Amino acid sequence: MSLVDRHVGFIHALREAGVPVSLAEGLDAARALRVIDLTERESLRAAYAATLVKKPGYRPGFDVLFDLWFPASTTGLYDRGPGAEGVPDPETAPVEDLRGYLARLLTDGTDAELREFARAMVERFGRQQAGPGRQNWFSYSVMRALSPETLMARILREVLAGQERGGLAEKTARQRVTAGTRRFEDAVATDVRRRIAEDSGVERIARSAVRPPLDQIDFLRITKADLARLRREVYPLARRLAARLTIKHRRGRRGRLDFRRTMRASLQSGGVPLTTYFKPPRPHKPELVILCDTSDSVSSFAHFTLLLTYALREQFTKVRAFGFVDTVDEITRFFVPGADVVEAMTKLADEADMVRFGRTNYGHALERFAERYGDTIGPKTSLLILGDARSNYQPPALDVLKTLAAKARHAYWLNPEPRQQWDTGDSIASDYGTVVPMHECRNVAQLTGFIEQLA
């Protein structure tokens, strides 16, 4: 494969993985290749990253794809013999000797040494025959054979050498070993992907090796680890949402008369105030009511919206949150300032009264909300409804929703399902969408787009 083919394939793989790369940026990367030493692989990586990666969240996927399209070595060129004096033969040495050598690398080894050792260990332990002429490669078999996570006690004995335990020296050693273990695991995974790509084709492995960037992960498929990372994204979004709603709230309003400016301007017309000037209206934080579907079918989305609710409490004058499945309960009390978000979600699941029979019923939940909490919505209130609009073929209570939307200053509905799935099965998205504007909101990128659209 020529360099041009690799460049084009790499750019295409980035786009398929959700990393936005424009035509101009691809040309910038090609120009950058003319001014670097192409034999320096890390310089090549840096040139591509500088021209193609626009956000830190895109970097992990970029690095995985770069290692696939521009591998550090190929199987046919790798020397599997012992690399230097004191290095055990990777093909014949006992496992305990290999573990001892790995223990040294985890504390003092360079990245190059870790990569070389990882390639040798994948060659020895990572291969499994899948049939005549076929073989599979696995990371877990390498990690199971060497168990680097069990080397901590041995390394600490050698590093501390009689020093007092629990001090700064032990803490530093633990951090170094943990970081080295992580680098070794990454090196093993990278080499496994490279070998699979050699056997099956780089395009095929590229499609499955990279998760979408954080802002493009579907809310309905999000994991607990993703939610933990999303906490950092939520607070800027909450501030922007509050700012957009404040702008819309103030639109068309004028502040008090600016008497001094008006009088100064009147001097041009003989003291007659032909033009009046007004002070900007005082910033006003709007009130927000959130109505959130917390049923199992949208549980991941509900977890994210509850994170958003927690963040919004700091941005609005008054935030009241309500959760529902087939009945509704106020859940604001679980998100008091200073509360731990995870603990609040656990208490909410155990204590909130949102379930009668366990099947989502939007109509009944809206009726109960109007009956019990209808006075929470007024002319200063923005109503935000979060849910998939699937009501198990129950009456939708559209008239109740119309009444609630008419009382609110603004009303919006965010739906985590793809638009093409609306109105399929028990979905009544279009019916609700005729009353409250409904927006597809499957990931952080779409939520960001919705917030920008409010302006």
Side-chain angles (χ1 to χ4, degrees), residues 17 41-42 45 49 56-75 78 80 83 87-88 90-91 93-128 135-156 158-159 171-200 202 205-214 217 223-226 228-229:
R41 184 167 175 268
E42 291 309 310
R45 185 195 299 268
Y58 298 152
R59 186 59 192 256
F62 166 87
D63 284 329
V64 170
L65 292 173
F66 179 86
D67 289 332
L68 285 173
W69 287 92
F70 302 95
S73 66
T74 60
T75 301
Y78 177 64
R80 301 180 184 81
V87 179
E91 293 184 346
V95 173
E96 196 55 36
D97 291 350
L98 297 174
R99 279 170 49 82
Y101 180 64
L102 176 59
R104 185 181 72 78
L105 291 181
L106 294 181
T107 53
D108 302 319
T110 65
D111 286 341
E113 289 175 326
L114 271 175
R115 286 195 298 267
E116 289 292 320
F117 187 67
R119 285 196 288 269
M121 295 302 96
V122 171
E123 178 69 23
R124 176 167 175 178
F125 300 111
R127 186 205 317 261
Q128 292 187 12
Q135 56 190 6
N136 292 331
W137 300 93
F138 298 97
S139 298
Y140 81 88
S141 56
V142 179
M143 306 310 294
R144 183 180 60 189
L146 297 177
S147 299
E149 69 280 357
T150 65
L151 294 172
M152 181 70 74
R154 174 196 293 190
I155 295 173
L156 289 177
E158 296 176 356
V159 171
K171 183 178 180 180
T172 303
R174 284 184 180 276
Q175 291 176 343
R176 190 185 311 136
V177 173
T178 301
T181 301
R182 189 160 48 246
R183 286 187 295 144
F184 178 70
E185 290 174 349
D186 291 342
V188 169
T190 297
D191 195 62
V192 166
R193 284 193 294 266
R194 175 185 65 82
R195 293 172 186 272
I196 295 174
E198 288 181 354
D199 295 341
S200 306
V202 65
I205 187 61
R207 295 189 191 100
S208 59
V210 181
R211 292 199 73 204
L214 186 61
I217 296 177
T223 65
K224 289 183 179 180
D226 294 328
R229 294 162 58 206

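Keep in mind that this is a model prediction, so the values were computed, not measured.
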To the nearest 0.5 Å, what is the distance between [atom1] ([X]) and [atom2] ([Y])?
{"X": "Met121", "Y": "Leu146", "atom1": "CE", "atom2": "CG", "result": "6.5 Å"}
{"X": "Leu114", "Y": "Glu185", "atom1": "CG", "atom2": "CD", "result": "11.0 Å"}
{"X": "Ile155", "Y": "Arg174", "atom1": "CD1", "atom2": "CZ", "result": "10.5 Å"}
{"X": "Leu102", "Y": "Arg154", "atom1": "CG", "atom2": "CZ", "result": "9.0 Å"}
{"X": "Thr190", "Y": "Asp63", "atom1": "OG1", "atom2": "CG", "result": "9.0 Å"}

Are the side chains of [Y] and [X] in contact, using a 4.5 Å heavy-atom criterion?
{"X": "Arg45", "Y": "Phe62", "value": "yes"}
{"X": "Thr107", "Y": "Glu158", "value": "no"}
{"X": "Leu106", "Y": "Leu151", "value": "yes"}
{"X": "Leu98", "Y": "Phe125", "value": "yes"}
{"X": "Val192", "Y": "Phe138", "value": "no"}

>> I'd like to know whether Arg41 forms a side-chain contact (heavy atoms from CB on, under 4.5 Å) with Asp67, so could you lay out the CA-CA distance, the side-chain angles of the two residues, the decisive distance to 0.1 Å, and finally the verdict.
In response: CA-CA 10 Å; Arg41 184 167 175 268; Asp67 289 332; 2.6 Å; yes
Donor-acceptor check, side chain of [X] to backbone of [Y], threshold 3.5 angstrom: yes or no?
{"X": "Arg193", "Y": "Val202", "answer": "no"}
{"X": "Thr110", "Y": "Glu113", "answer": "yes"}
{"X": "Gln175", "Y": "Thr172", "answer": "no"}

>> Just to verify, what does Phe66 make a ring pair (Phe, Tyr, Trp, His ring centres under 6.0 Å) with, not counting sequence neighbours?
In response: Phe70
>> For a side-chain contact (heavy atoms from CB on, under 4.5 Å) check, start with the C-alpha distance between Asp97 and Tyr101, then their side-chain angles and the critical distance, and finish with the verdict.
In response: CA-CA 6 Å; Asp97 291 350; Tyr101 180 64; over 6 Å; no
Answer yes when [X] and [Y] have at least one side-chain N-carboxylate O distance shorter than 4.0 Å, and no when they do not.
{"X": "Arg99", "Y": "Glu96", "result": "yes"}
{"X": "Asp191", "Y": "Arg194", "result": "yes"}
{"X": "Asp186", "Y": "Arg115", "result": "no"}
{"X": "Asp108", "Y": "Arg104", "result": "no"}

Ignoring hydrogens, what is the shortest heavy-atom contact between [X] and [Y]? Give both atom names and the distance.
{"X": "Val142", "Y": "Val122", "answer": "CG2-CA, 3.9 Å"}
{"X": "Met143", "Y": "Pro148", "answer": "CE-CG, 3.3 Å"}
{"X": "Ala189", "Y": "Ser139", "answer": "CA-OG, 3.6 Å"}
{"X": "Ala145", "Y": "Val95", "answer": "O-CG1, 3.6 Å"}
{"X": "Leu156", "Y": "Ala173", "answer": "CD2-CB, 3.8 Å"}

> Does the side chain of Arg127 come under 3.5 Å of the side chain of Ser141 through a donor N or O and an acceptor N or O?
Replying inline: no
> Can Glu91 and Arg124 be said to form a side-chain contact (heavy atoms from CB on, under 4.5 Å), step by step?
Replying inline: CA-CA 6 Å; Glu91 293 184 346; Arg124 176 167 175 178; 5.7 Å; no
